[in-house]
Amino acid sequence: LLLFSNPRTLPRDKEGKPVTGGRGKRENLSIRLSRDDGKTWARVTPKDLETGGRVAFIDPSPHRKGSAYFAVYRYLLGDYAPYIYKTDDYGKTWKRLTDGKNGIPADTPTRVVREDPDREGLLYAGTEFGMYVSFDDGDHWQSLQLNLPVTPVMDMRIVRNDIAIATEGRGFWVLDDMSPLREVAAKSQAIAAAPRRDAINHDQTFLRSTPLSSADTETALGGVENLEHQHTGAAPVHLAIEVDGARVHHLKNIAKVVRH
């Protein structure tokens with residue numbers, strides 16, 4: 001059982017009594033955990049979570065005990081960065097799933113995050129400007145805006161095979177039939193779990209491995225160099241490496257790298 005609280009220290013008079021009407025000094029956001037039905041509580045706030053900000057919802061994972069997600073928005077303090085956190089050990093450690101470079105832009109505040117009840121690792125995020133989806137448990141995000149207006153997504157609920165979305169000022173929206181999203185997530189996770197296969201067959205066709213991330217590219221090129229001595233035929237060999245759908249390396253005769 002998780003509880004979010006945002007305590008505020010009120011100013012006090014000379015006798016130590018609280019003075020109402022003042023803002024006082026804000027303390028850090030506080031995420032609390034109870035594992036004994038509320039009898040005792042432990043503070044499990046992420047260490048890097050900034051002072052101030054608001055958390056509207058904490059979403060326990062429907063698939064894993066001890067796992068939960070939450071989003072923080074701090075734009076009222078002039079900070080428009082996205083903050084989505086995840087824990088897999090009852091709050092002992094937290095991982096931030098939004099660095100501004102993995103799909104949700106750096107100037108897009110986040111309001112809510114939910115995990116799909118049928119597909120583990122399939123996440124939906126509501127932001128100040130619309131919807132996002134992650135097929136790999138928050139490692140990467142992409143827009144799920146479709147025909148949704150550019151508007152704050154305040155909350156969402158996954159009801160059977162649909163997503164019901166509450167916006168600020170633009171009404172309620174429903175995304176019908178999430179089956180395609182779940183199928184994409186299943187295939188994506190299966191590819192990520194499969195062993196990599198990098199090789200050239202006898203008719204000089206490159207067997208593409210799982211999609212490479214930018215961090216994997218240099219590692220992959222190191223392995224490509226070892227393929228040079230394996231090809232002795234007269235026909236030229238071309239090898240293309242793509243990252244996130246864009247060609248970044250093209251090798252001819254496995255000898256020279258041309259960067260695009």
Side-chain angles (χ1 to χ4, degrees), residues 1-12 18-34 38 41-61 66-115 123-134 137-145 148-158 163 165-170:
L1 177 62
L2 289 168
L3 171 71
F4 166 73
S5 62
N6 187 15
R8 185 179 70 178
T9 302
L10 293 174
R12 295 178 179 272
V19 177
T20 60
R23 293 182 60 83
K25 179 182 177 182
R26 289 187 179 272
E27 298 179 1
N28 286 338
L29 294 174
S30 180
I31 306 295
R32 307 275 175 167
L33 168 72
S34 175
W41 294 86
R43 179 168 177 159
V44 293
T45 311
K47 295 181 180 180
D48 63 340
L49 192 57
E50 298 283 347
T51 300
R54 294 181 179 178
V55 174
F57 308 99
I58 298 175
D59 190 46
S61 170
S67 296
Y69 305 83
F70 73 89
V72 185
Y73 61 97
R74 307 184 68 254
Y75 71 89
L76 296 174
L77 302 173
D79 181 1
Y80 280 76
Y83 295 93
I84 294 179
Y85 286 89
K86 167 195 170 184
T87 182
D88 283 321
D89 54 11
Y90 292 97
K92 293 180 180 179
T93 59
W94 293 87
K95 178 182 178 182
R96 185 175 171 184
L97 304 180
T98 48
D99 59 7
K101 301 177 182 179
N102 64 339
I104 299 180
D107 57 352
T108 301
T110 46
R111 286 182 172 270
V112 59
V113 59
R114 303 285 187 192
E115 185 177 21
L123 306 182
Y124 309 97
T127 75
E128 193 67 15
F129 307 117
M131 284 281 296
Y132 287 81
V133 62
S134 172
D137 206 20
D139 287 343
H140 304 87
W141 297 88
Q142 56 187 286
S143 175
L144 190 62
Q145 194 70 5
L148 184 70
V150 177
T151 184
V153 175
M154 309 298 290
D155 193 12
M156 67 187 80
R157 283 290 187 272
I158 301 165
I163 305 180
I165 301 169
T167 69
E168 184 175 25
R170 299 302 295 269

So Y85 and W94, would you call those rings parallel, tilted or perpendicular, with 30° and 60° as cut-offs?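 Perpendicular: the ring planes of Y85 and W94 meet at over 60°.
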Donor-acceptor pair, [X] side chain versus [Y] backbone, under 3.5 Å?
X	Y	answer
T98	I84	yes
Q145	M131	yes
S34	W41	no

Does the side chain of [X] reach to within under 4.5 Å of the side chain of [Y], using non-hydrogen atoms?
X	Y	answer
Q142	V133	yes
Y73	E128	no
Y132	P105	yes

Do the charged groups of R96 and D48 touch, with an N to O distance under 4.0 Å?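 Answer for the salt bridge query: no.
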SB check D139 K95 (cutoff 4.0 Å):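 Here D139 pairs with K95 in a salt bridge, since their nearest N and O are under 4.0 Å apart.
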Would R114 count as a cation-pi partner of Y124, with NZ or CZ less than 6.0 Å from the six-membered ring centre and within 45° of the ring normal? no
What I want to check is whether the side chains of D137 and Y69 have a donor and an acceptor closer together than 3.5 Å. yes
Candidate pair K86 and L123, rule side-chain contact (heavy atoms from CB on, under 4.5 Å), full reasoning: CA-CA 11 Å; K86 167 195 170 184; L123 306 182; over 6 Å; no
